[in-house]
Each structure stands twice: as structure tokens, then as C-alpha cells.
Colleague: 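I have a structure I would like to understand better, so I am pasting it below and will then ask my questions one at a time.
Just so we're on the same page: letters track the sequence lines, and every chain starts at 1.
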Amino acid sequence: MMDLIERYIQAVTERLPDGTRDDVARELRANIEDMLPDEAGEEDVREVLEKLGSPSALANEYRQSKRYLIGPAMYDAYIDVLKIVLCIAPVALAFISLAGAVLEPSGGSYVDYAAAFIGGAVQGVLHSFLWVTLVFAILERAGMDEGNLSFNKKEWSVDDLPSAVQSPMGRIDRVGEVASIIFIVGFVLVISLMPELFGWWEQTDGSWQVFPVFDLARLEAYVPAIVLLAIIGFCLSVYKIVAGRWTVPLAVANTLFNLAFVILACLAITDSGLWNQEFISHMEGVFEISAGTLEAIMEAGRTAAVVIAILLGVLDSIMGFLKSKDVRLRDLPDKVLGLMGAER
Amino acid sequence: MTKGSTEELVDSLLVELRRGTLVLTVLSQLEHPEYGYSLVQKLEEKDAAIEPGTLYPLLRRLEKQNLLVSQWDTSDSRPRKYYKLSKEGKEVYERLKMEWLNLSKKLEVLMGGENDGSD
């Protein structure tokens, strides 16, 4: 009979933190004995213990620790982030895994490639759930709640309402942002891990031979800058998706990012050492053009690429500001005239 | 909605309603020291029973929140842990009591329209 009580107390206290165990055990024992009638038999003990309920439920009452992984305050943010990550990670991992299979020196069949692709995607789904859940569970335990989340630091005020006319202009194109995240991740992985993938692929004697576009040694000097820029671009895209609408600070950040991107792109394009000479001469062989012609074409191409990069950067930056103010490009002249009129 | 699920809904709403009153119930009975089981009996006598499995942990929790103070009494053959209101606990109890009286007055007014004068 005492054995039952001790077993019950043991089952409760083993679920409690060290510090409180002895005291809870002592108190629980006293309470149970109080509840028993004089000269109690085993039936009485059973009845009392069953009244107290299952040891794990009782231990939970004592512990009062969080009995959920992610609470209601964090739940919405968790689902949002999980959706974004689920859009990106499986695609990225599928392509990485595919690239790994294609690069396998022993070669492989298309079945192997498909298996690698699907396997990578499945891994991506599992990793997404694992890491996002883990991060949010830690945030939950660290005492973070909705008020502390960086996305909504300030107390809400009516001014935070979206402008009355919800024109679709200012809305962020989420699909586009997800696509750009996938592109960023894929590009960075390839350029930092397997830059030789960018090149002219030729099949000789059943095996693939690649002439890389870039001078691989030279490219390495660019990798830190590319990775840094990619991380910034990645964060910017995630922020855009979460924010949902263009704002002036976002347009400023977008402009700064474009500026950095254009500078890096122009540096790379005009750096003749970055382009693999072997690739150029091989291309001249493939297309049967005289030596030096391609060099000249590329020279013109470089100038054009620099101009295009700058134009795209400027245009994208301006669009960011216009969208943050809900102004259409074709309405711009009227707006500017209006502003000038107002000044006069 | 089927009859069974209405019952279930009422039950779960009642549990929530009662959970809110647990602390007030316990604080109201602890002006003088009580140990776990004596409080269970006292509440049963007053027709406000709380499950022992809920009450014992609740006492410890209130102690941790400094609303109760406890003391082991080992003079008897069976040692017992006695709880009573702390100074802070008394203050909190008085304020909760006022809030409760207010709340029940308001609810009486709100629900008065339905059974006005019928009982």
C-alpha cells in the first residue's frame, strides 16, 4: 500500500526540476495521507490516487512551464516565415542536389538526376520545418512575444493603417520576390561552390567537358563581395515579402542595394582578367570566327552590359519610390508639374 | 449543432469560467493557515470544491508569486505544510474582491433583461 503511494510520488516528482522535488514529494505525501481514512486499505489508496489524476498531468500543474512549442502570440509569424522558407528551401536544395549529381565524375543516368532532384526537394521540406520550428521554439522560450518582434516594434497606431485607396501599385509582388530569392540562392551556391558550371559544355567521347566562362582564380577574389551582396539581397527580399507594401525606407534600402549591385556588376564586367581566355579562344574555334573578332564583340558587349546594368538599377530604384507613393510612371509628369506649381 | 456537442461546449466554457475564479476562491479562504487537505475539505463544505490535483499545485504557485507564505509544522506526528496570505496577498485579494463584486454587478445588469422579475 505504501508502495503505491511512493510509486505515485516518484512518478510525479521525476518530472519536476531538481530544486523543488523533495519539497513537493514531502507535501504530496502528507496530503495523500491526510486524504486517506484511518486504517486505510489498498482500495482507499487507489481511490485517492485516482482522484489526484495521472502523475504527468499533476506534474504539469506543478511545473507550469510552457506546454506548447509555439504559442498563439508567435503563431502567425511562424506560419508566415514557414511559408516563405517552404517556397525557397526545397527548390534551392533540389537544384543543389541535381548539380551535385550532374558533376559526379562517374556520371549518371537521368533516373539518378531525377532521384537527386526529388531527394533534394524532400530534404528541403524537412529542413524547412525543422529549422523554422526550432528557431521559433527558442524565441518562444527566450520570452519573445509579438510585441518584441522586430517587425512590429512600435505600438500600433491608426497612422499605421495602409492608405485609404489600396491601389495595387504599392503592393509587393511576392511571387517575384520568391523567384528572386531562389535565383540569389542558386546563383551564389553555384558561383561559390562550382563556378566551373558556367561555361561551354561539350560532349567528347561520352563524357562532358566544360570550358568555364570565368577565370576561376580571379573569380575567387569576387566571391566574398558576391556572397555579402547576396545576403543583403536575400534579407531585403524577405523583408519585402513580410512588409507586403512599398514604403519610403524600403525604397531607400532598395536603392542602396541596387547601387552596390551595379558597382559590383560594372567592376566585374570591365575586368578583362575575370574572363577566361581559353573560353574565348575555344568559342572562336566553335563558331569558326577569326581570332580577335570575339574579343571585339565582347568589348562592345561589355559597354552595352554596363549601360544596361546602370539603366536597370536606376529604373528599379525609381520604381521603388514611385510605388511607395502610389504613383504611376505615366502620371509622373503631372505630379512633377503639380509640385512645381505648388512651389510657386 | 447536435445535443452532445452543445453539452461539450457548455462544459468547456464552464471550465474556463471557473478557472478564472480559482485564485480568488483560494485567497478568500487563507486568512488563517490551512494545509492542503484541510483547504480541500473547507471548500467542499462551502460547496466550492476544487480538485485536489488542481489545488495543491495552485498553492505552490501562489506561494511562488509571493501571495502566500508557507510553513512546515512538524510538531504533529504527521508533518504538514501550512499556507496563509502574505501581506501582498492580502492586498491582491482585496483588489480582486472589489473587481469581482464590480464585475458581477455589471453582469447582473447585463443579464437582468432576460429574467427580469422572474426570480
Side-chain angles (χ1 to χ4, degrees), chain A residues 1-41 43-68 71-72 143, chain B residues 11-12 15-16 18-23 25-27 29-30 32-45 47-84 86 89 92:
Chain A
M1 173 188 120
M2 289 315 278
D3 178 50
L4 271 183
I5 297 177
E6 288 311 311
R7 269 163 59 201
Y8 184 86
I9 292 172
Q10 169 76 21
V12 173
T13 53
E14 71 184 7
R15 293 176 164 88
L16 299 179
D18 266 335
T20 63
R21 250 178 230 172
D22 292 342
D23 200 58
V24 170
R26 198 174 165 208
E27 190 183 359
L28 194 55
R29 193 175 296 119
N31 280 330
I32 291 172
E33 284 169 8
D34 278 331
M35 289 164 87
L36 289 170
D38 299 333
E39 322 253 321
E43 274 308 306
D44 300 310
V45 173
R46 280 178 181 276
E47 199 179 313
V48 165
L49 295 185
E50 272 162 19
K51 194 166 171 54
L52 280 171
S54 97
S56 71
L58 189 60
N60 274 332
E61 288 283 335
Y62 274 114
R63 257 193 320 219
Q64 281 300 301
S65 55
K66 290 184 172 171
R67 282 155 72 190
Y68 47 81
Chain B
D11 280 347
S12 80
V15 167
E16 263 178 61
R18 290 197 45 184
R19 191 180 298 147
T21 66
L22 278 182
V23 171
T25 307
V26 170
L27 292 185
Q29 300 303 308
L30 285 177
H32 303 293
E34 300 277 353
Y35 58 93
Y37 188 58
S38 70
L39 188 55
V40 169
Q41 285 175 313
K42 200 171 165 187
L43 290 171
E44 261 169 22
E45 277 164 27
D47 208 16
I50 297 179
E51 288 292 319
T54 307
L55 182 67
Y56 300 158
L58 179 61
L59 287 171
R60 288 189 78 87
R61 206 149 65 235
L62 292 173
E63 185 192 8
K64 211 173 165 192
Q65 292 170 334
N66 296 323
L67 298 181
L68 301 180
V69 284
S70 71
Q71 204 175 5
W72 277 99
D73 179 5
T74 48
S75 58
D76 201 14
S77 65
R78 180 182 293 162
R80 281 171 179 148
K81 197 176 185 184
Y82 281 84
Y83 293 90
K84 67 168 194 169
S86 67
V92 169

Colleague: Salt bridge between A:E6 and A:R29, side-chain N to carboxylate O under 4.0 Å?
Modeller: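 A salt bridge links A:E6 with A:R29.
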Colleague: Using non-hydrogen atoms and a 4.5 Å limit, figure out which bit of A:V24 sits close to chain B: side chain, backbone, both or neither.
Modeller: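 For A:V24, backbone and side chain are both near chain B.
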Colleague: Is the shortest side-chain N to carboxylate O distance from A:R7 to A:D3 below 4.0 Å?
Modeller: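 Salt bridge: yes.
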Colleague: Who wins among B:R80, B:R61, B:Q41, B:K81 for the most heavy-atom pairs under 4.5 Å with chain A?
Modeller: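 Heavy-atom pair counts peak at B:R61.
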Colleague: Would you mind telling me which of B:R60, B:Q71, B:Q29 makes a side-chain contact (heavy atoms from CB on, under 4.5 Å) with B:Y83?
Modeller: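 When side-chain contact (heavy atoms from CB on, under 4.5 Å) is applied between B:Y83 and each of B:R60, B:Q71, B:Q29, only B:R60 qualifies.
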Colleague: Would you name the heavy atoms of B:R78 and A:D34 that are closest together and state the gap between them?
Modeller: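 Looks like NH1-OD1, 3.0 Å.
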Colleague: Out of A:I32, A:V48, A:N31, A:L52, which one racks up the most heavy-atom pairs below 4.5 Å with chain B?
Modeller: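 Going by pairs under 4.5 Å, I would pick A:N31.
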